[in-house]
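The sequence lines fix the lettering, A, B, ..., with proteins before strands; numbering per chain opens at 1.
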Amino acid sequence: MATSKRKYRAVSSYSALSKLLKKFFYAGQHGALDFETTALRPAEGRVRLVSICSDKVSWLVDFDKCGGFRKCAKLFKHGRWVVFNSGFEMRWFIAAGAPKTRCIDLANARRAVMGGGNYSLKQIALWDLGIEMNKEEQASNWGAKKLTRSQLDYAYDDADTTWKLWLHWTKDHTPGQHDAMVMLDNLVPAIIEMEEQGILIDVKHHQTLVDGWEETQTKLITILRTLVSDGEVRNINSDTQWGDYFAVIMPDNWLSAWPRTEKAGRLSCTSAHLRRLAGNATGTPLETLFDALADYKTVTKYISSFGRTIINTAQLAVDGRVRPRVNIAAARTGRFSTSGPNVQQIPRNKDILGEPTSVRKSFIASRGCRLVSLDYSGIELRVLALLSGDKQLLEDMINGDVHLEVAQEMVGRPLDKKTKEGKEARQKAKGVSFGIIYGSGARGLASTMRTSVGRAERYIDFWEGRYPDAFGYRHKVMAEAERTRFITTVDGGTIYMGKNPDLPKCANYPVQRAALSVMARSIARHKRTLDRLGEASQPQARWDRVFMLATIHDALIDEAPTKLAKNCLHMMEEDMTYGYLAVFPGAPTDRLVEGGVGQHWGALS
DNA sequence: AGTCTTCGCGCG
DNA sequence: AAAGCGCGCGAAGACT
């Protein structure tokens, strides 16, 4: 109500703010806090208001009347500030010279109980408390000389709701859930660094890639159009129209075996299936059509998702860098996501349409620097072995070769992984273990591996026989989920599984989460390492110029001055080993990480 | 004209 | 009852 009595105290001088903070937030007392700023980044604006809310206080502070936020920032050092999306507020504290201010992310308090997700405050207020938030003032003019009553009320409501949600989620936190929350909160400084740094794009190289793709695309359109007129398929990009077309021209025995889309039940037109069809039509014009269409789809995907958008984003920034958002625990399991652009989905180096293509080569180190990168090898199988206490699986991971064992079973005789046959069989066998990690049944495995259900069943039986504890782990998880609706993860957090928990998720979530846990400890540790070295850096060893750039689930990427790159790699290895041991004390660290140093992301060795 | 859903596909 | 996990993004087409 616009006419309601003010629920908060207006704080409008430095001395009042100082006195109040000393009185109520002197030794780690918690309070919810929310900024209203005139811009999204400290370089471009200022903090106008902060609303503060706890059981004892309800304040609205106008920094324009208190000498400005820069002057006031240090006053917040003794409190613990509950913030929704604390990375935002932390940036302003850092920019104002108060980087040690302690913030707790409300979203992480919730994620520690429910599992990850990327939700707005408005959304969770509605879900968890049934509160409807009005966000109309969010983008209003926070630089105005005089703020409206509606703006002030809005500013206050955010902190008020944040505090209510904080109480809601933390009043029954178990110690484990608290630990999980702290684990996620500890990622914030590293994520701020990644988002600030971004990654440099070699626009020129990327442009030549895009030019090549477009040339290929043009050729493919010509081929497709000689086979199918635009009267038959008007929009060459439309799978719907292609599906309708095939439904008309293909014989019934092809159509009956044609996979359908899930919701609408149309003929599915994935490029994988098109290539299979091409294989069934060798020597006919249909082979050319299916192959050309599959190729066209691939190259079109590259152009639309990894072509112009990357160049545009890079050119939008003055320094030619792309700055993706790095979203903590955006996935249900706690994994990161990245967006705008999503650097976690940049294609690996591989042959596309017979041409060796390296999109990652366009992601380069700054002048005088190198990219430094390590990834955990086989981290998910490894953590499954450790979670389930499966001795044989761990032994095979450390001293043996899981995939080769499975491959030999599949072929029915011993294999040498150095031969071509051995390599291929081993590659195929990886699919079995992935299937296990994903909780696949025989049918699912058969369809992804393109084999019979009977054979898939045999593979799974073999896996279960060799690694009984690892295989049986899913049933323990499932039992917990059915009993409590939650599963408990290795870091002490929980994930809500809904009223009807399903086996594939129960098999996979704890594994994916444990891998995330390991990476989370590593990231926090590595950031501390770099900060420590950066503070003590000398002119000849500029550790203050080493930055974390990105994490791709099981990989970590830094940028470092060339002279420090090798050293940085060692630091990273140490920190990643530490992260793993923090989650699995005493676990074997043999062959844990691999990677290296390079000019660009395409080649790190 | 703007928003939502579906499909497909890149990555781990 | 049956079940291969997790994301973000672009395009098409439907819906409002």
Students often get this wrong, so: under 4.0 angstrom with heavy atoms, is L445(A) touching a base, only sugar-phosphate, or nothing? nothing
Nearest to the side chain of T261(A), which nucleotide is it out of dG4(C), dC7(C), dC7(B)? dC7(B)
Going from CE on M497(A) to CZ on F486(A), what distance comes out if it is rounded to the nearest 0.5 angstrom? 11.0 Å
Nearest to the side chain of D502(A) - dG8(B), dC7(C), dA3(C)? dA3(C)
Looking at every strand, decide which applies to F306(A) at a 4.0 Å heavy-atom threshold: base, sugar-phosphate, or nothing. sugar-phosphate
Remember a base hit wins even if backbone is also touched, and classify R234(A) as base, sugar-phosphate or nothing at under 4.0 Å, heavy atoms. nothing
Quick one: label S339(A) by what it contacts on the DNA or RNA (base, sugar-phosphate, nothing), any heavy atom closer than 4.0 Å. sugar-phosphate
5' priority, DNA chain C, between Q512(A) and P504(A) [closest heavy atom]: P504(A)
Counting the atoms with a prime plus P, OP1 and OP2 as sugar-phosphate, which does G116(A) contact under 4.0 Å by heavy atoms, base, sugar-phosphate, or nothing? nothing
dG8(C) phosphate, OP1 or OP2, under 4.0 Å from S337(A) side-chain N/O: yes
Tell me what T309(A) touches on the nucleic acid: a base, only sugar-phosphate, or nothing, going by heavy atoms under 4.0 Å. sugar-phosphate
Between dG8(B), dC5(C), dA3(C), spot the one nearest the side chain of K505(A), thanks. dC5(C)
Once rounded to the nearest 0.5 Å, what's the spacing between atom CG of L267(A) and atom CZ of R260(A)? 4.5 Å
Residue R335(A), side-chain heavy atoms: nucleotide from dG12(B), dG10(B), dG8(B) that is nearest: dG12(B)
Side chain of K297(A) (C-beta onward), nearest among dC9(B), dC11(B), dC7(B): dC9(B)
Please determine whether a side-chain nitrogen or oxygen atom of Y509(A) lies at a distance below 4.0 Å from atom OP1 or OP2 of dG6(C). yes
Compare side-chain N and O positions of N237(A) against OP1 and OP2 of dA12(C) and report whether any pair is under 4.0 Å apart. yes
Establish, with yes or no, whether the OP1 or OP2 oxygen of dG8(B) is under 4.0 angstrom from a side-chain nitrogen or oxygen of S268(A). yes
Would you please confirm or rule out a distance under 4.0 Å between OP1 or OP2 of dG10(B) and any side-chain N or O of N342(A)? no
Heavy atoms from C-beta onward define the side chain here; which of dG6(C), dG4(C), dC7(B) lies closest to that of R266(A)? dC7(B)
Assess the pair W242(A) and F246(A): is the distance between their ring centroids shorter than 6.0 Å? yes
Taking the six-membered ring for Trp, is the centroid-to-centroid distance between W213(A) and F306(A) below 6.0 Å? no
Between dC11(B) and K350(A), is there an OP1 or OP2 to side-chain N/O distance shorter than 4.0 Å? yes
State whether S271(A) places a side-chain N or O below 4.0 Å from either non-bridging phosphate oxygen (OP1 or OP2) of dC9(B). yes
Any donor-acceptor N/O pair, E464(A) side chain to F471(A) backbone, under 3.5 Å: no
May I ask you to check whether Y473(A) and Y467(A) place their ring centers less than 6.0 Å from one another? no
Given dG10(C), dC7(B), dG8(B), the nucleotide with the shortest approach to the side chain of S305(A): dG10(C)
Distance check: side-chain N/O of S238(A) vs OP1/OP2 of dG13(C), anything under 4.0 Å? yes
So, is T448(A) near the phosphate of dG4(C), with a side-chain N or O under 4.0 Å from OP1 or OP2? no
Please determine, for the side chain of A330(A), which listed nucleotide (dG12(B), dG10(C), dG8(C)) has the closest atom? dG8(C)
The side chain of E262(A) lies closest to which of these nucleotides: dG4(C), dC7(B), dG10(B)? dC7(B)
Considering just the side-chain nitrogens and oxygens of R348(A), establish if one lies under 4.0 Å of OP1 or OP2 belonging to dG12(B). yes
Any idea which of dG6(C), dA3(C), dG10(B) is nearest the L503(A) side chain? dA3(C)
